[in-house]
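Beneath this line is the structure, given in structure tokens, with notes to follow.
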Amino acid sequence: MSAALPRILLTGFDPFAGEPVNPSWEAVRTLHGSRIGGHLVVARQLPTDFAASLRMLKAAVRELGPAILLGVGQAGGRHQLSIERVAINLQDARIPDNAGAQPVDEPVIADAPAAYFSTLPIKAMLAALQAQGVPAEISNSAGTYVCNHVAYAMLHLAAKRRGVRAGFIHIPFLPEQAARRHGAASMAQAEVVRGLKIALRAAVGTTVDRKLGAGTLD
Ligand code: PCA
């Protein structure tokens with residue numbers, strides 16, 4: 001019975017910065033109600049809005065009691081699925097969010113740690129994606145905008161709940177978005193969805209992460 005299954009809260013964002021779509025929500029919505037590794041996936045859209053995104057995230061965590069939280073967001077300019085290693089306690093917005101807020105150098109959560117590492121097995125997820133032909137990388141910065149904000153809040157909420165794990169994946173533009181920008185990278189929606197399933201299966205099935213060099217030299 002699905003009500004008894006542990007849950008994965010999978011979030012995507014609404015469009016921002018004048019884009020007609022956000023590929024994160026387009027991908028995440030297709031996985032709502034699916035089962036991955038004995039877990040039920042519940043997809044929720046968060047607004048690209050510093051304040052409202054955290055209100056909605058907290059309400060969803062309270063309502064669903066998920067075992068795993070995975071946030072997904074658009075990172076135009078990235079070339080592959082970008083598994084985030086870390087989220088920092090900082091908001092520094094170069095553009096206003098969808099509610100017009102533009103915080104600069106403010107904490108996500110006052111009096112909380114400077115950063116959290118992802119508690120999902122990022123290297124096992126990376127290895128699974130690469131083995132199954134999905135281009136992927138480890139990223140060491142989720143930026144300082146609403147995605148990092150939500151990733152940080154997910155990790156903060158998870159840290160207070162026994163056995164709950166959280167992480168974040170940035171994804172490239174959709175081909176239709178890249179087609180309006182000369183030379184921009186993109187990934188087709190079906191490939192993103194396939195990648196998210198692979199990453200989640202690896203996350204559910206791995207409790208101790210693999211040791212696999214995937215850092216950067218610069
Ligand atoms: N990407 C933005 C916020 C919403 C989204 O999809 C970011 O990377 O912060």
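Each ligand, and each atom within it, is numbered from 1 in the order the structure gives.
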inquiry  = Under a 4.0 angstrom heavy-atom cut-off, which atoms of ligand 1 come close to T48?
reply    = 3 (C), 4 (C)
message = Please report the interatomic distance OH(Y116) to OH(Y152), rounded to the nearest 0.5 Å.
response = 4.5 Å
ask   = Looking only at distance, does N22 have an N or O less than 3.5 Å from an N or O of ligand 1?
value = yes
inquiry  = Quick one: does any side-chain atom of D209 pair with a main-chain N or O of I122 as donor and acceptor, under 3.5 Å?
reply    = yes
inquiry  = One residue to check: H170. Relative to ligand 1, which of side chain, backbone, both or neither has a non-hydrogen atom less than 4.0 Å away?
reply    = side chain
Polar atom proximity, N148 to ligand 1 (N or O, under 3.5 Å) = no
inquiry  = One pair to check against side-chain contact (heavy atoms from CB on, under 4.5 Å): V41 and S34. What are the steps and the verdict?
reply    = CA-CA 5 Å; V41 176; S34 61; 3.8 Å; yes
remark   = If we number the atoms of ligand 1 from 1 as shown, the ones under 4.0 Å from a heavy atom of G73 are 6 (O)
note = Under 4.0 Å from one or more heavy atoms of Q74, ligand 1 contributes atoms 1 (N), 2 (C), 5 (C), 6 (O), 8 (O)
remark   = Per-atom filter on ligand 1: closer than 4.0 angstrom to a heavy atom of Y145 are 2 (C), 3 (C), 7 (C), 9 (O)
query = So L46 and D14, side-chain contact (heavy atoms from CB on, under 4.5 Å) or not? Walk me through it.
reply = CA-CA 6 Å; L46 298 177; D14 68 355; over 6 Å; no
ask   = If you measure from the Lys or Arg side-chain nitrogens to the Asp or Glu carboxylate oxygens, is any gap between E137 and K123 under 4.0 Å?
value = no
Min side-chain heavy-atom separation T11-M154 under 4.5 Å = yes
key: Side chain, backbone, both or neither: the part of F13 lying under 4.0 Å from ligand 1 by heavy atom   = side chain
inquiry  = Do M187 and H79 have side chains that approach each other closer than 4.5 Å (heavy atoms only, starting at C-beta)?
reply    = no
task = Please work out which of G76, P23, C147 has its closest non-hydrogen atom nearest to atom 9 (O) of ligand 1.
result = C147
